[in-house]
Peer 1: 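First the structure, then my questions, so here it is.
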Amino acid sequence: MLQKFRDELKNRSRVLKKLGHIDANGVVQLKGRAACLIDTGDELLVTELMFNGTFNDLDHHQVAALASCFNPGDKSTEQIHLRTELAKPLQQLQDSARRIAIQHECKLEVNVDEYVDSTVRPYLMDVIYCWSKGATFAEVIQMTDIFEGSIIRSARRLDEFLNQLRAAANAVGEVNLESKFAAASESLRRGIMFANSLYL
């Protein structure tokens, strides 16, 4: 049992070295420091997007929509139709997830397609994008078959996640990203989704 644990630890260390989170001596690098501040989404994938420039090329509405893919939540039974300004970021996210899933080279068994499907959940991308841009709650609930309460919970979790991303960007000195994550968070915090009580 102890040997199995040691092997697993060694394999996971290989993954972290390969992705640049630690160096050859096991010392935590900049990417690793950013990943330590994220616990809501897949920290390896999120930091990959931070460091490969994916977030840099997006406006804060697109950032909010892309970050919503990391939120666990209800699955939609509808076919996902994304507007063009969201399709490319989603593709970049899925490509990055596939690159990370090649952890099997480090002797970890990972099914690439299962990893991508379980990590990237684009069901509310369009809803969050439109909400961030100022759409009403009545408009966004018509865009999906996901229940209203689940949409509200997801938006609140997303706000927490964006705050973690902001802290991670701050920790690595990415001022532009930090302000972009803050603007994305601010664009969500309005209306019924962030009301203190529905019984006012």
Peer 1: Under the criterion side-chain contact (heavy atoms from CB on, under 4.5 Å), I'd like the reasoning laid out for S13 against H21: C-alpha separation, chi angles, the key distance, then a yes or no.
Peer 2: CA-CA 9 Å; S13 291; H21 289 263; over 6 Å; no
Peer 1: Would you say the side chain of K17 lies within less than 4.5 Å of the side chain of D23, judging by non-hydrogen atoms?
Peer 2: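 No, every pair of side-chain atoms sits at 4.5 Å or beyond.
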Peer 1: Looking at D42 and L44, would you say the former's side chain and the latter's main chain have a donor-acceptor pair under 3.5 Å?
Peer 2: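 Between the backbone of L44 and the side chain of D42 there is a qualifying donor-acceptor contact (under 3.5 Å).
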Peer 1: Do you know the tightest heavy-atom contact between A67 and L165?
Peer 2: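 That closest heavy-atom pairing would be CB-CD1, 4.4 Å.
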Peer 1: Check for a donor-acceptor pair, side chain of R33 on one end and backbone N or O of V28 on the other, with a separation under 3.5 Å.
Peer 2: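 No; zero donor-acceptor contacts below 3.5 Å.
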Peer 1: Between N163 (side chain) and D159 (backbone), is there a donor-acceptor pair under 3.5 Å?
Peer 2: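 Yes: the side chain of N163 pairs with the backbone of D159.
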Peer 1: So how far is it from E43 CD to E48 CD, rounded to the nearest 0.5 Å?
Peer 2: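 Between E43 CD and E48 CD, I get 12.5 Å after rounding to 0.5 Å.
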Peer 1: Calculate, to the nearest 0.5 Å, the distance between atoms CG and CG belonging to L93 and L45 respectively.
Peer 2: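 Nearest 0.5 Å value for the CG-CG distance: 5.5 Å.
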Peer 1: Is the backbone N or O of V27 less than 3.5 Å from a side-chain atom of Q29, with the two atoms forming a donor-acceptor pair by type?
Peer 2: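 Confirmed, Q29 side chain pairs with V27 backbone.
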Peer 1: Determine the minimum heavy-atom distance between R156 and A195, stating which atoms define it.
Peer 2: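 Of all heavy-atom pairs spanning R156 and A195, the closest is NH2-O, 2.6 Å.
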Peer 1: Could you pull out the closest heavy-atom pair between P89 and L66, with the gap in Å?
Peer 2: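 Closest approach of P89 to L66: O-CD1, 3.6 Å.
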Peer 1: Using modelled atom types and a 3.5 Å cut-off, is there a donor and acceptor pairing between side-chain atoms of H61 and backbone atoms of S132?
Peer 2: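 Yes, H61 side chain to S132 backbone: donor-acceptor pair under 3.5 Å.
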Peer 1: Of all the heavy-atom pairs spanning N52 and S96, show the shortest one and how long it is.
Peer 2: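 The pair with the smallest heavy-atom distance is ND2-OG, 3.3 Å.
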Peer 1: Examine the side chains of Q164 and T40 and answer whether a donor and an acceptor come within less than 3.5 Å of each other.
Peer 2: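 Yes, a side-chain donor-acceptor pair sits under 3.5 Å.
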Peer 1: Roughly how far, to the nearest 0.5 Å, is CZ of R99 from NZ of K18?
Peer 2: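 Reported to 0.5 Å precision, the distance equals 11.5 Å.
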Peer 1: Does Y123 share a hydrophobic cluster with F147, counting links as ILVMFWY side-chain heavy atoms below 4.5 Å and allowing steps through other members?
Peer 2: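 No; F147 is not reachable from Y123 via cluster members.
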Peer 1: Distance from L86 atom CG to Q91 atom CD, nearest 0.5 Å?
Peer 2: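 Spacing of CG (L86) from CD (Q91) equals 13.0 Å.
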Peer 1: Looking at W131 and L188, would you say the former's side chain and the latter's main chain have a donor-acceptor pair under 3.5 Å?
Peer 2: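 Confirmed, W131 side chain pairs with L188 backbone.
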Peer 1: Between K180 (side chain) and N56 (backbone), is there a donor-acceptor pair under 3.5 Å?
Peer 2: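 It does hold such a pair.
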Peer 1: Is the backbone N or O of I146 less than 3.5 Å from a side-chain atom of S150, with the two atoms forming a donor-acceptor pair by type?
Peer 2: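 No: the side chain of S150 does not pair with the backbone of I146.
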Peer 1: What is the ring orientation for F55 with F181, classed by angle as parallel under 30°, tilted 30 to 60°, or perpendicular over 60°?
Peer 2: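 Correct class here is perpendicular.
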Peer 1: Of all heavy-atom pairs between L37 and A168, which one has the smallest distance, and what is that distance?
Peer 2: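 Result for this residue pair: CD1-CA, 3.7 Å.
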Peer 1: Taking M143 as the fixed residue, which of I151, D126, L124 is the one that meets the side-chain contact (heavy atoms from CB on, under 4.5 Å) rule?
Peer 2: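 Looking at I151, D126, L124, the match for M143 under the side-chain contact (heavy atoms from CB on, under 4.5 Å) is D126.
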Peer 1: How long is the straight-line distance from CD of E139 back to SG of C130, given to the nearest 0.5 Å?
Peer 2: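 Nearest 0.5 Å value for the SG-CD distance: 8.5 Å.
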Peer 1: With rounding to the nearest 0.5 angstrom, report the OG1 to CZ distance, T136 to R190.
Peer 2: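 These two atoms lie 8.0 Å from each other.
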Peer 1: Checking Q62 side chain against D59 main chain: does a donor-acceptor pair fall under 3.5 Å?
Peer 2: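 Pair found, side chain donor or acceptor close to backbone of D59.
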Peer 1: Cation-pi between R121 and F70: NZ/CZ under 6.0 Å from ring centre and within 45° of the ring axis?
Peer 2: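 Not flagged: R121 not positioned over aromatic ring of F70.
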Peer 1: Is there a side-chain contact (heavy atoms from CB on, under 4.5 Å) between Q94 and L90 once you walk through the steps?
Peer 2: CA-CA 6 Å; Q94 291 169 328; L90 177 60; 4.0 Å; yes
Peer 1: State, with a plain yes or no, whether a side-chain heavy atom of I38 is found less than 4.5 Å away from one of F161.
Peer 2: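 Counting from C-beta outward, I38 and F161 do come under 4.5 Å.
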Peer 1: Please test L162 against R166 for side-chain contact (heavy atoms from CB on, under 4.5 Å), starting from the C-alpha separation and ending with a verdict.
Peer 2: CA-CA 6 Å; L162 287 166; R166 187 180 48 74; over 6 Å; no
Peer 1: Under 3.5 Å, side chain of K31 to main-chain N/O of F51, donor-acceptor pair present?
Peer 2: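 Here the side-chain-to-backbone pair does not exist.
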Peer 1: Kindly give the heavy-atom pair with the smallest separation between A65 and Y129, and that separation in Å.
Peer 2: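 Looking at all heavy atoms of both residues, the shortest contact is CB-CB, 3.9 Å.
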Peer 1: Tell me, with the steps shown, if I152 and F194 meet side-chain contact (heavy atoms from CB on, under 4.5 Å).
Peer 2: CA-CA 8 Å; I152 291 171; F194 286 84; over 6 Å; no
Peer 1: Does this structure show an ion pair linking E160 with R157, if we count only N-O contacts that are shorter than 4.0 Å?
Peer 2: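 Salt bridge flag = no for R157 with E160.
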